[in-house]
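Working notes, structure below.
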Amino acid sequence: MIQFEKFQLDNGLKVLVHQDTSTPMAVVNVLYNVGAKDEDPAKTGFAHLFEHLMFGGSVNIPVYDEPLQRAGGENNAYTTNDLTNYYCQIPAENIETAFWLESDRMLSLAFSKKSLEVQRKVVCEEFKEHYINKPYGDAWHKMRSLAYTQHPYRWMTIGASLAHVEDATMEDVKDFFFQFYRPNNAILVVTGNVETEQVKQLAKKWFGPIEAGKAYVRNLPKEPLQEKTRSMDVRADVPLDMLMMTWHMGGRFDEGYHATDLITEVLG
């Protein structure tokens, strides 16, 4: 069992700390409680687009990677239908650099036209490469829209349509940021060669002054119980035939989740 301590700042930011003295490194992880399922069905792909925009620099730090790399750190991020996650790995003695960088882009992301256009192009090319031009690339899009009729899991993280990202305006982007990228909608996890009191001081110093946003109340449409088989026959110019099958299952807190997860490993 991983031992950790937790506390919360006045602005709602939740902080977890795990001390591991066996390593000279530290990891600063910021998880935002927003994923593709929280998007407007007419404006999908925004959570993933923001993963890219967050590396476009802030008002005070034009290039995110440069100061981190000077401090011996590296970083990455990922987006799912349920969450968006950013993390830095850095020598523990330089951990304040990670706090500075992560808090600054939460506070003052640079909403520049250039950054939006650059990252929009990157995401659009990713969409084309993996989901339009590649054989079977649209298979998961079709499978999701078949498996779900109401719940927003029916579209993929990249977005339901390329046009949604292509048509994203600066106002759309700002609205999304100030709704979801707030301290009260985030969890900060710090692990490695750190001490809880040290993390408390750094968290209060760098994240404490950031104002909380309006509380987000998630109210997603419920997926009705599936009572009959659904199928789709797709014909395309691909090398071989492919059969895809999927079943609904319980969520991660469901009693049968781990058994179902194990079954997928056995069948696979």
Residues, nucleotides or ligands: over 12 heavy atoms within 6.0 Å of E195 CD: no

For side chain to side chain contact (heavy atoms under 4.5 Å, CB included), just list the numbers for N193 and M25, CA-CA rounded to whole Å, side-chain angles, deciding distance to a tenth of an Å, and then say yes or no. CA-CA 6 Å; N193 201 351; M25 304 297 289; over 6 Å; no

Which heavy atom of L188 sits nearest a heavy atom of A203, and at what distance? CD2-CB, 4.4 Å

Distance, nearest 0.5 Å, that separates CD of Q8 from CG of L16: 10.5 Å

More than 12 heavy atoms of other groups within 6.0 Å of K204 NZ: no

Should V173 and F50 count as side-chain neighbours, where that means a heavy-atom distance under 4.5 Å? yes

When you compare the side chains of D104 and S58, does any donor N or O come within less than 3.5 Å of an acceptor on the partner? yes

Test the K37-Y153 pair against the cation-pi criterion, namely NZ or CZ under 6.0 angstrom from the six-membered ring centroid and within 45° of the ring axis. no

Test side chain to side chain contact (heavy atoms under 4.5 Å, CB included) on R230 and T149; report intermediate values, then the result. CA-CA 11 Å; R230 300 174 192 153; T149 61; 3.8 Å; yes

Can you list the steps and then say if Y86 with Y78 is a ring-ring contact (aromatic ring centres under 6.0 Å, His included)? CA-CA 7 Å; Y86 302 85; Y78 61 86; 8.9 Å; no

Is there a path of hydrophobic side-chain contacts, each under 4.5 Å between heavy atoms of I, L, V, M, F, W or Y residues, that connects F178 with L49? yes

Between V30 and N85, is there a side-chain heavy-atom distance shorter than 4.5 Å? no

Applying the 4.5 Å side-chain criterion to the ILVMFWY set and letting contacts propagate, would V123 and M170 be lumped into a single cluster? yes

With rounding to the nearest 0.5 angstrom, report the CE to OH distance, M106 to Y181. 10.0 Å

Compare every heavy atom of A168 with every heavy atom of L116, then report the nearest pair and how far apart it is. CD2-O, 4.3 Å

Using atom types as modelled and distance alone, determine if a side-chain donor or acceptor of E39 lies under 3.5 Å from a backbone N or O of A47. yes

Value for CG (L202) from CH2 (W100), rounded to nearest 0.5 Å, stands at 14.0 Å

Give a yes or no on whether D10 atom CG has more than 12 heavy-atom contacts from other residues, nucleotides or ligands under 6.0 Å away. no

Minimal heavy-atom distance between L101 and P67, with the atoms involved, is CD2-CG, 3.7 Å

Keeping E5 on the side-chain end and H18 on the backbone end, is there a donor-acceptor pair under 3.5 Å? no

What's the shortest heavy-atom distance between G72 and P91, and which atoms? O-CD, 3.4 Å

Between Y64 and E102: side-chain donor-acceptor atoms closer than 3.5 Å: yes

Any donor-acceptor pair under 3.5 Å from W155 side chain to A36 backbone: yes

Using only atom types and a distance under 3.5 Å, with no angle test, would you say the side chain of Q89 pairs donor to acceptor with the backbone of V27? no

Would you list the pairs meeting salt bridge (charged side-chain N to carboxylate O under 4.0 Å, His left out) in which at least one residue belongs to residues 182-194, sequence neighbours left out? none

Do F177 and V34 share a hydrophobic cluster (ILVMFWY, side-chain heavy atoms under 4.5 Å, transitive)? yes

Counting distance only, does the side-chain N/O of S115 pair as donor-acceptor with the main-chain N or O of S112 below 3.5 Å? no

Point-to-point distance, once rounded to the nearest 0.5 Å, from CG of N94 to CG of L68: 9.5 Å

Lys/Arg-Asp/Glu bridge criterion (N-O < 4.0 Å) met for R154, E223: no

Taking NZ, NE, NH1 and NH2 as the nitrogens, is one of them in R120 or E117 under 4.0 Å from a carboxylate oxygen of the other? yes

Whether the T80 and D82 side chains hold a donor-acceptor pair (N or O, under 3.5 Å, no angle test) is what I'd like checked. no

Any side-chain heavy-atom pair of P152 and P221 under 4.5 Å: yes

K142 backbone acceptor or donor facing S145 side chain under 3.5 Å: yes

Considering only heavy atoms from C-beta outward, does the side chain of L109 approach that of M54 to under 4.5 Å? yes

Taking side chain as C-beta onward, heavy atoms only, is N185 less than 4.5 Å from K14? no

Evaluate R218 against N33 for side chain to side chain contact (heavy atoms under 4.5 Å, CB included), listing each step before the verdict. CA-CA 10 Å; R218 183 173 278 119; N33 186 21; 3.2 Å; yes

Determine whether a donor-acceptor pair (N or O, by modelled atom type, separation under 3.5 Å) exists between the side chain of N29 and the backbone of C88. no

Donor-acceptor pair, H48 side chain versus M156 backbone, under 3.5 Å? no

Of all heavy-atom pairs between V165 and C124, which one has the smallest distance, and what is that distance? CG1-SG, 4.1 Å

Just so I know, are the side chains of V15 and I187 near enough to count as touching, which here means a heavy-atom distance under 4.5 Å? no

Can you measure from OG1 (T229) to CE (M245) and round to the nearest 0.5 angstrom? 8.0 Å

When clusters are formed by joining ILVMFWY residues with side-chain heavy atoms under 4.5 Å apart, either directly or through shared neighbours, do F99 and L107 land in the same one? yes

Determine, stepwise, if the pair K6 / V17 fulfils side chain to side chain contact (heavy atoms under 4.5 Å, CB included). CA-CA 6 Å; K6 60 182 178 179; V17 186; over 6 Å; no

Inter- and intrachain pairs under side-chain hydrogen bond (donor to acceptor under 3.5 Å, both in side chains), touching residues 255-268, at least two apart: R252-Y257

Side chains of L31 and V189: closer than 4.5 Å at any heavy-atom pair? no

Could you walk me through whether F127 and H141 satisfy the ring-ring contact (aromatic ring centres under 6.0 Å, His included) test, starting with their C-alpha distance in whole Å, then the side-chain angles of each, then the deciding distance to 0.1 Å, before giving a yes or no? CA-CA 11 Å; F127 198 115; H141 283 272; 5.6 Å; yes

Step by step, would you call Y148 with H248 a ring-ring contact (aromatic ring centres under 6.0 Å, His included)? CA-CA 9 Å; Y148 296 96; H248 285 264; 5.1 Å; yes

Residues passing the ring pair (Phe, Tyr, Trp, His ring centres under 6.0 Å) test with Y216, sequence neighbours excluded, are F180

I'd like to know if V234 and Y131 are part of one continuous hydrophobic network [Ile/Leu/Val/Met/Phe/Trp/Tyr, side-chain heavy atoms within less than 4.5 Å]. no

Going by an N to O cut-off under 4.0 Å, is there a salt bridge joining K174 and D172? no

Keeping N11 on the side-chain end and E211 on the backbone end, is there a donor-acceptor pair under 3.5 Å? no

Keeping the roles fixed (side chain from E51, backbone from T79), state whether a donor-acceptor pair exists under 3.5 Å. yes

Give a yes or no on this: more than 12 heavy atoms of other residues, nucleotides or ligands lie within 6.0 Å of atom CD1 of I2. no

Under 3.5 Å, is there a donor-acceptor pair linking the side chains of N75 and D65? yes

Is any side-chain N of the basic residue among R70 and E66 closer than 4.0 Å to the acidic one's carboxylate O? yes

Minimum-distance pair of heavy atoms, taken over all atoms of I210 and S103: CD1-O, 3.5 Å

Does some side-chain heavy atom of I132 sit less than 4.5 Å from a side-chain heavy atom of L162? yes

